[in-house]
Amino acid sequence: MIYQGKQKIWSEYQKEIPDDHWFYVRSCIRQNFFPGAERMFLEICRNVLKKDFYETEHHTTCGGIAYHCDTIPQETVMTIVARQFALMTEAGYENYVASCITSFGNYAEILETWREFPELETKIREMLWKACRREFKKPKYLAHASDLIYKYRNEIASRAKYRLVNRETGEPLKVVEHIGCHYSKMFPSKGVGGAEYPYVLCGMVEAWGGNVVDYPERRHCCGYGFRQYHVKANRGYSLSNTYKKFESMEPYHPDMIITNCPGCPYFMDRWQYVIAESTGKTYGKDGFGIPVFTYEEVAGLVLGYDPWDLGLQLHQVAVEPLLNKIGIEYNPEDKYKGLNKKDILKPGLPAVLKCC
Amino acid sequence: MRERFLTGYNDFVLPFSLGLIFIISYCVVGMIRILHQLPAEDRKRFFISLVTPATMWKNIKDIFLKCLIHVDIWKRNKLLGYMHSSIAFGWFMLIVVGHIEVFLYTPHRVKLFYYPIFFRYFVAETESTMRGSLIFFLMDLFLLIVLSGIALAIIKRVRSVMFGMRRTTNPSFFDLVGQYSLWAIFPLRLLAEAFTADISGGSFLTKSLNYVFTSFLSNHANMLPAWWAYSCALGIFFFVLPFTRYMHIPTEILLIPMRNAGIKIRNARKGFAKAEVYSCPSCGLCIDACPMGVMKANIKDTTVYLNRQIRRRNEARIEEISDKCLLCGKCTAICPVGVEGDKLRIAQRSIRKYNLNPDYSNIPADASGIEFAAHEVTAPSGRAREKILYFAGCMTALTPVISKAMESILKKAGADYAFMDRDGGICCGRPMFMSGRFDAARMLVEKNTEIIKASGADVLLLSCPICYKIFREKYHLDGIRIIHHTEYIAGLIADGILKPSSDDTKYVYHDPCELGRGCGVYEAPREVIKSVGTLVEAQKNRKESICCGGSLGSLTLGFDKRRAMTENALANLVTESPDIIVTACPLCRSTFNRYSDRPVEDIAETIDRKITKTVKS
Amino acid sequence: MDFGFKISPSSAINLDKIDLTMFEKLHEMEPDVYKCIACGSCSATCPAARYSGMSMRKVILDLQRGREKEVFSMMKNCMLCGKCTMVCPRGINTRHLILSISKLYCETK
Amino acid sequence: MKENILIIGGGIAGLEAAAMLLRLGHSPIIIEKSDRLGGHVASWHKLFPDMTPAKDVVDRLTAEASGANIFLNTEISFVNKLTDSYNIMLSNGISIITKVILVTMGFSLFDAAKKEEYGYGVYDHVVTNRDLEQWFNGKDDPRIDNSAMNAVGFVHCVGSRDEKAKNSQCSKVCCITAVKQAIEVKQKFPDASVYCFYMDLRMFGKKFEDFYISAQRDYGIRFIRGRVSEVSENIEGRVVVKAEDTLSGKPLKVTLDLLVLMAGMVCGDSCTKVAGMIPLPVDSDGFLKSKDNIFDVMESPKEGIFYAGACTGPKTVPETLAEARAAALDIHLYINGLE
């Protein structure tokens with residue numbers, strides 16, 4: 001691998017990301033998957049970096065999942081999105097940041113469609129007006145939340161308590177970065193680093209001390225794919241995709257996986273359990289799995305937040321071996337204690353995949 | 001005549017005697033082995049035929065005409081025929097007359113088998129002998145005839161073209177030894193008898209030579225060495241005989257009655273096949289006949305070499321030779337001893353082992369699509385009204401012009417017909433059979449038989465000779481007539497149902513291998529063509545017709561290798577400058593069409609074009 | 001544990017893992033086998049095609065892709081009629097190729 | 001007075017046209033931006049379909065054109081249109097006033113790095129057709145292992161017939177070049193498996209099909225119909241190629257020691273630049289626009305300006321030479337008409 005070659009491509013896919021004043025929209029599903037992640041994002045942006053991130057309880061789904069599952073027509077999803085933009089306009093913001101990759105892709109796709117077919121935009125404006133008497137301005141800047149963490153990566157690094165380094169050997173951790181498909185595969189120019197070698201997560205890993213692993217199936221989908229997972233008959237297909245990815249990264253012995261999409265960390269985490277149950281195979285050391293994180297969780301870890309406050313106990317794959325490797329302090333007793341140290345009960349342990 | 005030696009023996013008879021004992025025992029053992037290798041029913045049939053008067057007479061006639069007179073070779077080339085019969089018949093007569101001499105003059109020596117051969121050494125002329133001068137004359141005459149044959153044989157080695165042969169076989173080492181010893185026998189006999197002629201008597205040849213010799217070789221010291229040499233030549237010839245092509249002489253005597261008994265090749269190497277292989281005289285007539293031999297190519301892949309390789313058990317070459325052959329059957333047709341080059345090769349192919357074997361059980365034998373009387377039937381009653389099932393065959397599918405013409409003819413004849421394979425059918429099995437996979441071929445035959453029987457047809461009409469051959473030979477269709485379209489059309493014209501118009505177009509007819517040599521249909525197509533124009537013949541025609549080169553018989557010949565063969569076959573067809581080349585085989589038609597400088601048609605197309613008036617009953 | 005779904009085997013052809021020793025042997029016997037341009041003439045004309053899906057084009061390809069089972073089931077119905085050889089624009093002797101495959105490849109292996 | 005004839009570009013088209021013009025009694029001027037003549041062909045090793053050494057071709061053309069006034073390392077700084085002629089200012093300070101210009105600036109090789117999924121410039125063992133030719137010419141390349149090679153792949157149509165690469169045209173010569181290079185690789189490494197990944201094989205020229213048959217039959221080069229979708233590198237640094245084997249309708253994967261990208265032809269960079277100065281129109285395929293694509297391929301819409309070779313579209317060497325000769329003849333007749 002010629003690193004300079006990648007750098008050259010990264011230099012060609014740079015995207016302008018304003019520093020401050022963002023209108024933030026959440027993901028539909030992340031709250032349930034890794035509830036600590038979005039909280040940590042706002043925590044870092046607002047409290048650590050003191051940036052202005054506005055959020056409104058009136059925003060809804062972007063319609064992306066329904067759109068990609070072919071259950072609603074394009075006009076509907078566009079009108080939903082137009083309403084979100086109206087909320088932004090009403091709040092007086094022009095930088096729009098989405099927590100969800102599908103949303104981000106959805107917004108990017110709609111904005112591009114409107115650019116190509118202005119008559120469609122006019123039609124949507126009419127529909128939005130008819131539906132809820134709202135008007136909107138298109139966002140000046142559209143970003144995914146990971147774009148912002150990427151932008152703040154060096155600032156975070158300067159405040160970091162830990163680095164992505166093996167405490168004992170001093171070696172950088174081997175990190176697999178996995179980008180959500182809708183981040184830049186549809187519009188390479190909308191993502192940091194393009195589609196072929198997206199830099200958004202690489203940049204974070206490099207800034208925080210880790211080494212990125214480049215493995216053959218790096219481009220491959222995590223396996224979620226709405227229509228695949230949501231229909232039980234297709235679920236084996238979803239699982240097979242994930243399996244393919246893990247088989248491909250296995251020889252590199254990665255320490256962890258970092259992702260920027262709601263679905264990816266969830267499926268790459270949970271499917272490791274299913275793969276272990278169905279094939280007896282685990283990918284981490286000593287029967288453990290490879291922990292999968294969202295970028296906010298990783299940012300939180302390096303900044304020194306308590307792992308259990310980050311919600312890492314909701315991961316199927318045990319994170320403790322990695323925490324030990326980095327040297328992050330945590331209290332094992334607190335893993336299944338909720339707020340106010342209330343016992344949230346210990347889950348049953350899987351038969352094959354080793355967990356703490 | 002009186003005897004010169006009381007013992008009636010001299011040491012020089014030993015080489016001959018040992019040789020004769022050896023060869024006779026060899027032949028007897030060989031014969032027993034071959035007969036033993038025959039399947040029991042064939043063996044039984046053979047022995048019955050030997051005592052059946054009709055076959056007995058045929059055997060004697062055939063052996064006399066073929067082995068001694070070589071009538072087939074006479075038909076091919078007079079000089080070559082004379083060469084063969086002079087040696088064979090002359091030698092035979094020398095033996096016969098020699099025995100008569102012994103009977104007449106020294107009857108008590110009859111039991112000494114060498115006596116007739118060396119008679120002149122053991123006897124001296126007396127006054128009374130002159131009564132036998134006719135016998136003396138005959139002996140010298142036949143010796144002269146044999147010597148003339150030997151002289152021709154020597155000339156043939158140098159100038160084979162004189163004998164109508166462009167190419168001859170490359171003799172093996174033993175062949176050469178055998179040949180030289182054979183050539184030496186008779187001059188040596190002449191020499192020996194000439195040296196003894198003043199004692200034992202002789203006729204115009206030996207006596208005259210004796211006078212010449214005595215003028216400069218005064219004593220009898222040369223006598224014994226000459227007899228020794230004569231005996232040695234015979235001895236050597238007998239000893240090497242089993243390893244030379246001359247083995248054909250004794251084997252053919254066995255082959256003829258076996259063939260007359262109706263025995264066929266059942267095993268690639270044993271029994272009848274073995275008899276055929278050993279009957280090959282290596283004359284090399286098949287080399288010139290072979291259509292693959294264009295531009296001196298593939299000479300070593302002709303039947304004569306196949307036989308040689310089978311005798312040597314050279315498996316790699318046997319496979320190569322037998323797989324390459326086009327199976328046109330011409331070598332079989334012209335072989336003077338009747339070696340069946342094509343069948344021998346198919347037999348070799350049949351012993352191949354395959355890991356994957358066909359299975360047609362999933363193919364339905366479905367006759368439901370076959371519907372008669374789908375068109376207006378106007379033909380007069382009787383034969384013309386029979387239900388005709390037309391099977392175009394795989395190859396015709398690639399030359400749809402033929403099936404189209406056939407359908408048009410059937411319509412014009414007002415016949416009640418149906419197509420068996422309009423949308424593709426099951427292969428007739430002949431290509432599979434030719435590849436030696438008999439079991440698979442049989443399965444195909446069964447499938448088609450089932451369909452044909454279920455169709456309710458009276459006649460099965462074919463336009464592909466490849467199909468025709470296997471339908472005639474391997475199908476049992478319970479009274480359904482099997483007919484090739486050449487015969488069918490000839491019949492329609494003869495019955496006056498079709499009345500084609502005639503003009504002065506010159507047609508040449510190419511006899512397809514499978515139709516002509518394969519099924520013996522030569523006249524019908526010619527009759528048909530004569531009804532529409534002038535028929536000219538190809539240089540080589542009928543059973544000597546040259547294969548188009550497209551044959552499915554060859555398993556290995558590549559497309560590029562066949563071109564020269566096709567062009568050679570075309571050159572043979574156009575010597576009389578025909579306007580149109582007519583054939584009766586879809587494969588010949590498409591093969592010729594590729595390289596021909598003039599139109600090539602199937603006979604059905606020709607006739608269809610020439611019928612404008614349709615007959616209404 | 002039965003989840004009601006499972007990892008499906010990859011349908012992809014992995015050329016690294018295909019053992020072509022047999023095919024190399026076949027190639028020695030039939031050098032022209034590499035000349036195929038996959039035009040499909042053979043398949044279109046094949047009388048066995050409508051029963052077993054026999055296609056010489058697929059046979060040649062599948063042998064190179066390690067899909068021998070498919071080859072065997074296709075070849076079952078071949079009648080050796082020779083039409084494929086007649087129509088091959090590259091002059092491949094497909095008929096002999098079929099015999100060579102039948103000789104070389106073993107179904108039970 | 002003898003007319004000045006300015007030939008822009010010292011590739012094979014420029015050289016052949018100059019040689020022809022010399023023979024017709026003119027004295028052409030060739031300007032060449034690099035330090036040597038022969039253009040792309042000069043960096044090539046052998047030419048299809050007879051494996052003619054490219055050096056022989058360039059040497060012969062250079063010798064024949066040696067009577068021309070040749071400026072190496074020279075570019076056009078600017079062009080002034082005078083009433084019936086052009087004033088061309090060269091980078092070496094010389095200015096030329098001419099009524100007749102022959103544009104022979106040819107093509108540029110498509111920048112294979114633009115096809116990011118193939119990883120040219122990123123992976124250790126991915127090269128272009130030109131890199132391979134230079135390696136054949138004896139130039140060491142760290143990406144190509146001189147000692148052993150087990151598997152080599154060629155990707156056809158890199159930057160050709162690809163709207164995403166902004167070149168929907170067929171580059172015409174890559175198919176046969178891939179066949180040629182595959183044969184050469186196989187000659188060097190007889191035990192290697194050599195694969196060609198193609199969409200269509202366009203063997204249009206004299207003896208091309210024979211060359212292709214020979215590649216199949218005699219060299220056992222495996223042609224896989226399917227465009228390479230993505231390339232990755234495995235842990236050993238070998239190249240993993242994915243494509244669809246469209247003939248079996250299955251995705252296909254293979255690991256290679258070397259991947260050669262058959263970069264296509266796009267209109268030359270300097271060609272586009274100079275075309276902008278004169279200015280000359282550019283056709284929808286990105287190459288210079290001829291007056292007419294049937295009758296006047298060698299004439300520009302501007303009087304006195306002629307084309308030859310790949311500046312009007314991808315061409316083979318013999319086609320380029322034929323155009324150069326034809327253009328020289330056109331120029332000759334044009335000058336005669338002026339007098």
Side-chain angles (χ1 to χ4, degrees), chain C residues 8-44 49 53-74 88-94 96-97 100, chain D residues 150-153 175 179 182-183 186 190-203 208-226 228-230 232 234-236 238-257 259:
Chain C
S8 35
S10 169
S11 64
I13 297 162
N14 188 345
L15 287 182
D16 303 335
K17 291 197 178 143
I18 293 169
D19 180 12
L20 285 179
T21 0
M22 270 305 214
F23 190 78
E24 288 303 328
K25 257 191 217 162
L26 181 69
H27 176 234
E28 265 169 45
M29 293 162 78
E30 306 279 341
D32 279 358
V33 66
Y34 271 143
K35 275 169 72 184
C36 175
I37 48 172
C39 69
S41 309
C42 46
S43 326
M54 170 66 177
S55 155
M56 231 12 235
R57 170 185 83 73
K58 279 195 210 156
V59 165
I60 294 175
L61 188 74
D62 283 352
L63 288 178
Q64 294 180 73
R65 301 286 186 263
R67 291 149 54 86
E68 288 162 14
K69 255 201 195 113
E70 286 84 346
V71 169
F72 303 150
S73 73
M74 277 195 274
C88 178
R90 275 286 172 96
I92 303 172
N93 188 345
T94 47
H96 194 253
L97 185 58
S100 296
Chain D
N150 288 324
V152 180
C175 280
V179 166
I183 288 177
K186 191 82 181 170
D191 295 330
S193 306
V194 178
Y195 303 95
C196 282
F197 294 91
Y198 69 96
M199 296 199 284
D200 288 303
L201 282 171
R202 298 188 163 182
M203 297 293 157
F208 287 11
E209 190 72 14
D210 292 349
F211 209 45
Y212 167 41
I213 294 177
S214 159
Q216 287 183 296
R217 187 191 47 205
D218 306 333
Y219 293 94
I221 289 157
R222 315 234 185 101
F223 289 85
I224 297 173
R225 190 186 178 283
V228 169
S229 63
E230 59 181 51
S232 354
N234 72 7
I235 195 157
E236 299 156 342
R238 296 179 79 204
V239 193
V240 182
V241 168
K242 280 192 190 177
E244 188 195 346
D245 178 21
T246 57
L247 295 174
S248 57
K250 299 258 181 246
L252 175 145
K253 196 173 99 175
V254 64
T255 312
L256 305 169
D257 298 308
L259 184 68

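Just so it is clear: chains get the letters A, B, ... in the order the sequence lines come, proteins before strands, and each one is counted from 1.
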First locate atom [atom1] of [X], then atom [atom2] of [Y], and finally report the distance between them rounded to the nearest 0.5 Å.
X      : Y      : atom1 : atom2 : value
D/L247 : C/Q64  : CG    : CD    : 10.5 Å
C/I37  : D/L201 : CD1   : CG    : 9.5 Å
D/E209 : C/R90  : CD    : CZ    : 4.5 Å

What residues of residues 212-225 of chain D make heavy-atom contacts with chain C at a cutoff under 4.5 angstrom?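 Answer by number: D/Y212, D/I213, D/Q216, D/R217, D/G220, D/R222, D/I224.
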Could you look at [X] and say if it's the side chain, the backbone, both or neither that has a heavy atom under 4.5 Å from chain D?
X     : answer
C/E24 : side chain
C/L20 : side chain
C/E70 : neither
C/K35 : both

Heavy atoms under 4.5 Å from chain D: which residues of residues 9-16 of chain C carry them?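 At a heavy-atom separation under 4.5 Å, chain D is reached by C/S11, C/A12, C/I13, C/N14, C/L15, C/D16.
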